[in-house]
Amino acid sequence: MSEDGRQGLTVIAFIGSVFSPYYAWDRKQDPFDHCAVNVVLYGERTNRFAMTERRKSALSRDAHGIAIGPSSLTWDGNELTIRVDERCAPIPRAIRGTIRVRPNGITKGAFTLDGSGEHRWWPLAPSSRVEIALEEPSAAWAGNGYFDTNDGDRPLAESFSRWNWCRADLSDGAAILYDVERRDGSGQNLSLRFGRDGSRRDMRPPLAATLPATRFWRIPRPTRSDDGRASVLRTFEDTPFYARSLLSATLAGEAAQPVHESLVLDRFTNPIVRLMLPFRMPRP
């Protein structure tokens, strides 16, 4: 999010695009043949969403970076430089420019989300400085952000039925809540707090807080807050299986504005929903 709270950005680089209908339909299940750089802008007047899936011929990578089609991410040991050159769908508008992510510190390691260790999540840099310089649409701003990585050995929908996640800036770092519901009926509730340098801090698990479902697709948005109260400031994404929102809540004793995500995997596996996805996720 920008420092003034008016603009937001999400970038996700996929090898094996977990929300791709093409990947789900592919009998070979070759992750390298289903790659994408998802770029989403949330502005005051307009949003832009790009997620073009590309084949393995468009992928290159080495120890310092990855390129998927015309977009790339490179790491020099201190800074992640993201150069994006993507087009939205179904309205073909461009998103082109450079994003720089400077972590204030790196955390020690990954967390396992399922009982068998097949899904791993590493919140690498919960507190990072982010600078955006876009040519199309023209935009330049800075703010605080978050940098993580996920990897897994089987499809998400086979292991989980749903989850919700949120991350909030704090005065001395960041707080992250990650609640998963597994297919076997078990669950996991992570309440994490990190200093700006990436060190782990103690955090009392917040209380459950009720939020309204999204307006159009009725995606549930459970979350937690110190006092059991939270509200929705803005809904960024309201899709058939996924929602992203900006909240107001209290975490670790501070008033915060977490970015919240809610995923319902039974919706994602619905054949009708998968047939809808190519309109926003083309594959040339």
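Hydrogens, waters and symmetry mates play no part in the numbers below; they use all other heavy atoms, side chains included.
Hydrophobic clustering, with ILVMFWY side chains joined whenever heavy atoms are under 4.5 angstrom apart, keeps Ile15 apart from Val18. Connection of Val84 to Met51 is not established within any shared hydrophobic cluster, with ILVMFWY side chains joined at heavy-atom distances below 4.5 Å, either directly or through further cluster members. Hydrophobic clustering, with ILVMFWY side chains joined whenever heavy atoms are under 4.5 angstrom apart, groups Ile12 together with Phe236. Hydrophobic cluster membership is shared by Leu277 and Val40, with clusters built from Ile, Leu, Val, Met, Phe, Trp and Tyr side chains linked at under 4.5 angstrom. Hydrophobic clustering of Ile, Leu, Val, Met, Phe, Trp and Tyr side chains at less than 4.5 Å, counting indirect connections, unites Val37 with Ile82.
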Test side chain to side chain contact (heavy atoms under 4.5 Å, CB included) applied to Arg102 and Glu131, step by step: CA-CA 9 Å; Arg102 299 186 181 94; Glu131 296 178 356; 2.9 Å; yes
Run Asp266 and Arg183 through salt bridge (charged side-chain N to carboxylate O under 4.0 Å, His left out) and show every step you take. CA-CA 11 Å; Asp266 288 341; Arg183 286 291 175 193; 2.6 Å; yes
Which is it for Glu158 and Arg182 under the salt bridge (charged side-chain N to carboxylate O under 4.0 Å, His left out) test, yes or no, and what are the steps along the way? CA-CA 9 Å; Glu158 292 183 6; Arg182 301 169 180 154; over 6 Å; no
Give the C-alpha distance, both sets of side-chain angles, the deciding distance and a yes or no for side chain to side chain contact (heavy atoms under 4.5 Å, CB included) between Val232 and Leu246. CA-CA 6 Å; Val232 178; Leu246 182 66; over 6 Å; no
Would you check, one step at a time, whether the test side chain to side chain contact (heavy atoms under 4.5 Å, CB included) holds for Trp141 with Val130? CA-CA 9 Å; Trp141 51 270; Val130 183; 5.8 Å; no
Evaluate Arg162 against Asp179 for salt bridge (charged side-chain N to carboxylate O under 4.0 Å, His left out), listing each step before the verdict. CA-CA 9 Å; Arg162 63 180 63 201; Asp179 299 340; over 6 Å; no
Show, in sequence, the C-alpha distance, side-chain angles and deciding distance for Asp30 and Lys56, and conclude whether the salt bridge (charged side-chain N to carboxylate O under 4.0 Å, His left out) test is met. CA-CA 9 Å; Asp30 182 356; Lys56 63 175 65 177; 2.6 Å; yes
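Checked by atom type and distance alone, the side chain of Arg48 pairs as donor or acceptor with a backbone atom of Ala94 at under 3.5 Å. Remark: side-chain polar atoms of His119 are not paired, donor with acceptor, to backbone N or O of Asn150 under 3.5 angstrom. A donor-acceptor pair under 3.5 Å is absent between the side-chain atoms of Glu118 and the main chain of Thr112, judged by distance alone. Asn104 contributes a side-chain N or O that, together with a main-chain N or O of Ser127, makes up a donor-acceptor pair within less than 3.5 Å. With hydrogens and angles disregarded, a donor-acceptor distance shorter than 3.5 Å links the side chain of Arg267 to the backbone of Trp217. Formation of a donor-acceptor pair under 3.5 Å by the Glu79 side chain with backbone atoms of Asp76 is not found in this model. Checked by atom type and distance alone, the side chain of Asp33 never pairs as donor or acceptor with a backbone atom of Arg55 at under 3.5 Å. Not a single donor-acceptor pair under 3.5 Å links the side chain of Ser225 to the backbone N or O of Ala249. Judged by distance alone, with hydrogens and angles left aside, the side-chain atoms of Ser20 form a donor-acceptor pair with the main-chain N or O of Tyr23 at under 3.5 Å. With hydrogens and angles disregarded, no donor-acceptor distance shorter than 3.5 Å links the side chain of Thr214 to the backbone of Asp238.
Ring planes of Trp163 and Tyr178: perpendicular class, angle over 60° (limits at 30 and 60°).
If you look at Phe147 and Trp122, their ring centroids are not closer than 6.0 Å. Between Tyr242 and Phe268, the distance from one ring center to the other does not fall under 6.0 angstrom.
Residues Thr81 and Arg100 have side chains that bring a donor and an acceptor to within less than 3.5 angstrom of each other. In this model, no donor atom of one side chain and acceptor atom of the other lie less than 3.5 Å apart for Gln257 and Ser248. For the residue pair Arg6/Tyr42, the side-chain donor-acceptor check at 3.5 Å is not satisfied. Counted by atom type alone, Ser71 and Asp85 present zero donor-acceptor pairs between their side chains at under 3.5 Å.
In this structure, the side chains of Trp75 and Val101 stay at 4.5 Å or more apart for every pair of heavy atoms. Using a 4.5 Å cut-off on side-chain heavy atoms (C-beta onward), Met203 and Leu192 make no contact. A 4.5 Å side-chain heavy-atom check between Asp226 and Glu254 finds every atom pair outside the cut-off.
Taking the ring axis of Phe111 as reference, the NZ or CZ atom of Arg120 does not stay both within 45° of it and closer than 6.0 Å to the ring centre. Seen from the ring of Phe49, Arg280 counts as a face-on cation partner, given the 6.0 Å and 45° thresholds.
The only option from Glu261, Arg234, Arg221 that meets the side-chain hydrogen bond (donor to acceptor under 3.5 Å, both in side chains) definition with Ser245 turns out to be Arg221.
Heavy atoms only, all atoms of each residue included: Arg244 and Val259 are closest at CG-CG1, 4.2 Å.
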